[in-house]
Amino acid sequence: MVQVDTNDMRSMVSAFPNLLTEISITPHVWKTCEKLREGRIDGICIIGMGGSSISGLYVQSLLQDSVSIPIINVRETSIPSYIQKDWLVIAVSYSGNTFETIRSLQEALKRKCKSFVITSGGKLHSIKGVNEEVTLPSSYQPRAALPLIFSALLNLVEILTMHRPTDFTNVSEKLSDKVANWEMSEFSPKSMAADLLGYIPVFIGSQHLVPVAYRAKSQINENAKAMAFSSELPEANHNEIESFNSSNLDSVIPVFLRSSYETDSMRKSTDNLMQIYEEEGFPLLKLAIRSDSKIEEMLMFTFYLDLVSIELAELRGVNPLSVDKITKLKSMQ
Ligand code: PA5
């Protein structure tokens with residue numbers, strides 16, 4: 001069992017590598033997956049909001065090129081009309097009390113979809129008619145539970161789609177090694193946070209780093225209470241590129257997440273985009289991390305940028321734990 005102080009965001013984020021190996025799919029859940037597989041599964045629909053939704057985006061981008069059924073993510077109060085009884089719906093809510101997630105799951109149950117929930121408790125825990133639950137340890141912040149949720153969700157979807165389940169032990173060890181190097185290097189999360197201070201970062205990613213850029217934006221928003229955005233290549237080359245002009249030079253900083261697995265055309269167009277932004281005078285940041293696989297690359301970036309968000313919170317003098325406005329809005333629903 002990992003020792004984590006759940007009243008301290010830095011402690012939760014630091015535990016990222018260890019949390020990846022904390023949840024295993026029980027033989028009982030594994031059997032249910034096998035049973036469901038014997039029937040028909042038209043597609044997998046992952047429901048969740050905020051910190052609980054990111055893992056679904058990661059899973060979709062990792063598996064979409066190697067599985068034979070669609071994997072979609074829903075981040076709202078209803079599910080598309082084509083989600084019917086032969087779809088498998090996985091509702092992810094760390095607290096188990098998120099209105100949109102509960103509503104969408106209830107709709108799926110009405111349509112007689114097969115369903116799993118991943119939660120630490122709350123209302124989701126007691127909804128009748130769900131096929132299986134993967135129970136998470138309680139008292140984390142939802143966004144800090146990403147390694148717990150992601151490892152469980154990926155393994156679940158892998159089993160359901162007959163994909164070889166990822167062994168997180170190796171990835172976890174590599175992440176632990178990396179963090180020691182980062183702390184000592186000139187690219188430490190602290191120095192990166194100092195580079196972002198006073199700017200609005202736009203995290204730019206392509207392919208499997210699109211959801212990673214989105215996660216970075218969300219972590220800066222929630223932990224550091226700072227404006228941040230993310231954008232997706234190549235789409236941003238067709239619109240957002242025009243907004244990177246001299247009127248934003250003092251406020252915006254583009255942060256490019258570069259992958260070792262970029263296709264040739266993506267590499268070329270991203271290099272060109274960086275050149276254009278540089279010529280415009282932007283102080284751009286380029287991040288690249290050595291890894292042995294896409295999943296490793298995604299998780300290393302995520303861990304690093306999570307740490308950056310904590311450092312930025314400290315530099316800004318804010319508490320990364322509190323999410324007062326999210327809580328207030330939820331209480332108004
Ligand atoms: O990180 C957070 O606290 C939020 O983004 C939550 O994840 C979001 O509000 C949804 O709540 P939950 O993850 O409990 O479903």
Side-chain angles (χ1 to χ4, degrees), residues 2 4-20 22-23 46-61 73-77 90-105 117-125 134-154 156 203 205 210-230 298-299 301-310 312-313 318-331 333:
V2 186
V4 183
D5 177 358
T6 52
N7 289 313
D8 176 16
M9 186 57 89
R10 187 181 287 276
S11 167
M12 285 187 274
V13 171
S14 304
F16 191 118
N18 294 332
L19 294 179
L20 281 173
E22 207 46 10
I23 307 285
I46 304 167
I47 304 167
M49 302 301 295
S52 291
S53 74
I54 313 265
S55 298
L57 304 176
Y58 280 33
V59 168
Q60 180 186 12
S61 82
N73 279 279
V74 165
R75 295 185 283 171
E76 47 180 305
T77 46
I90 307 178
V92 185
S93 168
Y94 183 74
S95 64
N97 290 324
T98 298
F99 164 73
E100 293 91 340
T101 313
I102 294 172
R103 265 278 182 88
S104 288
L105 175 64
V117 301
I118 300 182
T119 187
S120 70
K123 293 182 188 147
L124 217 55
H125 179 63
V134 175
T135 310
L136 304 168
S138 59
S139 75
Y140 283 81
Q141 285 280 321
R143 57 196 175 284
L146 178 133
L148 297 167
I149 298 173
F150 172 67
S151 54
L153 183 64
L154 181 64
L156 209 54
F203 295 95
V210 170
V212 176
Y214 177 70
R215 160 74 173 185
K217 160 232 156 2
S218 308
Q219 288 291 79
I220 299 288
N221 294 155
E222 287 187 68
N223 290 339
K225 325 287 182 251
M227 282 261 183
F229 296 92
S230 65
M298 290 172 87
L299 293 174
F301 266 123
T302 307
F303 184 27
Y304 176 80
L305 291 163
D306 278 10
L307 291 166
V308 170
S309 73
I310 301 300
L312 189 60
V318 297
N319 176 7
L321 268 189
S322 70
V323 280
D324 298 343
K325 294 196 184 72
I326 297 176
T327 312
K328 182 173 176 188
L329 196 73
K330 282 184 177 176
S331 74
Q333 266 156 357

Approximate separation, where rounding is to 0.5 Å, of Ile46 CD1 and Ser52 OG: 12.0 Å
Side-chain donor/acceptor of Asn73 to backbone N/O of Gly56, under 3.5 Å: yes
Closest non-hydrogen atom pair between Gly48 and Thr101, with its separation: CA-OG1, 3.9 Å
Reported CZ-to-OG distance for the pair Arg143 and Ser53, which is rounded to 0.5 angstrom: 13.0 Å
Test: Arg215 and Asp306 ion pair at under 4.0 Å: yes
Audit row: Ser218, Ile54, side-chain contact (heavy atoms from CB on, under 4.5 Å) steps and yes/no: CA-CA 10 Å; Ser218 308; Ile54 313 265; 4.2 Å; yes
Backbone of Asp324 reached by a side-chain donor or acceptor of Ser322 within 3.5 Å: no
Gap separating the CE atom of Met49 from the OG1 atom of Thr77, nearest 0.5 angstrom: 8.5 Å
Flag if over 12 foreign heavy atoms under 6.0 Å of CZ, Arg103: no
Val134 to Leu156 - nearest heavy-atom pair and separation: CG2-CD2, 4.2 Å
Nearest heavy atoms of Val210 and Gly205, plus distance in Å: CG2-O, 3.5 Å
Lys123 side chain vs Phe99 backbone, donor-acceptor pair below 3.5 Å: no
Any side-chain heavy-atom pair of Lys330 and Thr98 under 4.5 Å: yes
Full working for side-chain contact (heavy atoms from CB on, under 4.5 Å) between Leu146 and Ser55: CA-CA 7 Å; Leu146 178 133; Ser55 298; 4.0 Å; yes
Nearest-0.5 Å distance that lies between atom CZ in Phe229 and atom CD1 in Ile220: 12.5 Å
Chi angles and distances behind the side-chain contact (heavy atoms from CB on, under 4.5 Å) call for Met9, Asn319: CA-CA 9 Å; Met9 186 57 89; Asn319 176 7; over 6 Å; no
Phe16 side chain near Leu307 side chain, heavy-atom distance below 4.5 Å: no
Closest heavy-atom pair and its distance - Ser104, Glu76: OG-O, 2.7 Å
Side chain Thr119, main chain Ser93, donor-acceptor under 3.5 Å: yes
Side chain Ser61, main chain Tyr58, donor-acceptor under 3.5 Å: yes
Flag side-chain contact, heavy atom, 4.5 Å: Leu148 against Pro137: yes
For the student: nearest non-hydrogen atoms of Leu321 and Asp8, plus distance: CD1-N, 4.2 Å
Nearest heavy-atom neighbours spanning Ala145 and Tyr140: CB-CB, 4.3 Å
Side chain proximity check, Ile326 to Glu222, heavy atoms < 4.5 angstrom: yes
Stepwise side-chain contact (heavy atoms from CB on, under 4.5 Å) check, Leu136 with Ile118: CA-CA 7 Å; Leu136 304 168; Ile118 300 182; 3.8 Å; yes
Distance (rounded to the nearest 0.5 Å) between Asn7 CG and Met12 CE: 7.5 Å
Main-chain N/O of Tyr94 paired to Ser120 side chain as donor or acceptor, under 3.5 Å: yes
Leu57 side, atom CG; Met298 side, atom CE - distance, nearest 0.5 Å: 9.0 Å
Tyr214 six-ring centre to Arg75 NZ/CZ under 6.0 Å and within 45° of normal: yes
Validation row: Lys325, Lys225 side chains within 4.5 angstrom (heavy atoms): no
Flag for Ser309-Asn223: side-chain donor and acceptor within less than 3.5 Å: yes
